[in-house]
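Predicted model, so just to flag it, every value in this text is computed and none were measured.
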Amino acid sequence: RRRTKDRDAWFVLIHGLGGLGKTSLATHLLQTAFTKSAPENALVVRCDGIDAAVADPLAALVAQVRARGAVVDGAGWEEATTKLLGDSRSSVDAFEKLVSALAARRPGLVLYVDNAETLQVGAKDDTAGQLGAWIPAAEALGATLVRLGETMRVLVTSRYRWDGLDPDDCIHLDSMRAPDMLRLVE
């Protein structure tokens, strides 16, 4: 909360091994601190379930933002998005334009991107690339998320931290200590 207190725009990445509670922590922060008085200001974009092997995996993110915008912004959203999508050069460009447009219409909006590792090079990937680097079809997404964090509030969870991030914007969740694990299963 210290990283975000009294700031209208910020970027925070919560990263660490799978199963440590990144999603639970981010969801808790979203509900209790960031959008407590206005839950409709949470724009949740889930990356899990996206097939990173398709030609344009970011199209799924665009579809999620477009659908959520229709729910929270109403009738004028469909017309506005049609124009924005027509002017977009790529899916990441469309994603940024849609999120920015929704943030302009909903002051206080928090973009929460969950399980971003789906679109990053992982430990089991056969593809060449540094662990945590964005897959080729999503390589501009990391920079886009950071750029969005300059004008709005952005929260991301991922197993991997990517290059170029300010360490002060990253929260690393360490693995549990043995006593904590025992308490969890008792």
Side-chain angles (χ1 to χ4, degrees), residues 8-15 22-23 26 30 41-166 169-170:
D8 292 330
W10 43 258
F11 170 88
V12 172
L13 168 68
I14 301 172
H15 65 102
K22 297 176 297 293
T23 296
L30 196 63
N41 279 345
L43 173 56
V44 179
V45 178
R46 301 204 184 281
C47 295
D48 57 332
I50 293 176
D51 183 356
V54 299
D56 188 6
L58 297 183
L61 299 182
V62 171
Q64 289 181 55
V65 174
R66 194 170 189 192
R68 180 67 178 152
V71 170
V72 300
D73 198 50
W77 180 247
E78 187 64 32
E79 185 179 324
T81 60
T82 300
K83 169 89 171 96
L84 289 171
L85 293 175
D87 293 341
S88 298
R89 299 179 311 275
S90 65
S91 288
V92 74
D93 184 46
F95 175 79
E96 184 173 10
K97 286 179 178 179
L98 289 177
V99 170
S100 295
L102 191 56
R105 293 167 178 247
R106 305 242 12 132
L109 185 78
V110 178
L111 171 63
Y112 168 34
V113 179
D114 188 37
N115 292 315
E117 70 270 3
T118 303
L119 301 171
Q120 292 175 279
V121 174
K124 294 182 180 180
D125 287 335
D126 293 334
T127 58
Q130 180 181 355
L131 185 67
W134 295 96
I135 62 170
E139 64 186 338
L141 183 60
T144 298
L145 293 171
V146 172
R147 189 170 44 255
L148 284 167
E150 294 171 0
T151 59
M152 64 178 293
R153 302 180 297 172
V154 178
L155 178 63
V156 179
T157 61
S158 177
R159 292 183 181 182
Y160 314 111
R161 180 175 170 238
W162 60 92
D163 285 341
L165 293 178
D166 182 337
D169 293 338
C170 302

If you look at every heavy atom in [X] and [Y], which pair is closest and at what distance?
X	Y	value
Cys47	Thr118	O-CG2, 3.3 Å
Arg68	Leu43	CG-CD1, 3.4 Å
Leu165	Phe11	CD2-CE2, 3.9 Å
Ile50	Gln64	CD1-NE2, 4.3 Å

#### Entry: side chain to side chain contact (heavy atoms under 4.5 Å, CB included) assessment of Phe95 paired with Leu111
CA-CA 11 Å; Phe95 175 79; Leu111 171 63; 4.1 Å; yes

### Message
Tell me which one of Lys22, Gln120, His15 satisfies side-chain hydrogen bond (donor to acceptor under 3.5 Å, both in side chains) with Ser158.
### Response
Gln120

### Query
According to the salt bridge (Lys or Arg N to Asp or Glu O under 4.0 Å) rule, which pairs have a member within residues 78-91, sequence neighbours left out?
Arg66-Glu78, Lys83-Asp87, Arg89-Asp93

Between [X] and [Y], is any pair of side-chain heavy atoms under 4.5 Å apart?
X	Y	value
Ser88	Val62	no
Val110	Trp10	yes
Leu13	Asp169	no
Val154	Val146	no

Starting at [atom1] of [X], measure out to [atom2] of [Y] and round the result to the nearest 0.5 Å.
X	Y	atom1	atom2	result
Thr144	Leu58	OG1	CG	8.5 Å
Leu141	Leu61	CG	CG	6.5 Å
Asn41	Arg153	CG	CZ	7.0 Å
Asp51	Leu119	CG	CG	10.0 Å
Thr23	Asp114	OG1	CG	3.5 Å

### Query
In chain order, what residues pass the side chain to side chain contact (heavy atoms under 4.5 Å, CB included) check against Val44, with sequence neighbours excluded?
Leu30, Ala42, Arg46, Tyr112

## Note on the structure
Residues at least two apart in sequence or cross-chain that pass side chain to side chain contact (heavy atoms under 4.5 Å, CB included) with Ser100, listed by chain then number, are Glu96, Leu148

### Intermediate values then yes/no, side chain to side chain contact (heavy atoms under 4.5 Å, CB included), Val99 and Met152
CA-CA 10 Å; Val99 170; Met152 64 178 293; 3.5 Å; yes

### Task
Just do the side chain to side chain contact (heavy atoms under 4.5 Å, CB included) check on Leu102 and Trp77 with the steps written out, would you?
CA-CA 9 Å; Leu102 191 56; Trp77 180 247; 3.7 Å; yes

### Task
Applying side chain to side chain contact (heavy atoms under 4.5 Å, CB included), run through Thr81 and Leu98 and close with a yes or a no.
CA-CA 7 Å; Thr81 60; Leu98 289 177; 3.4 Å; yes

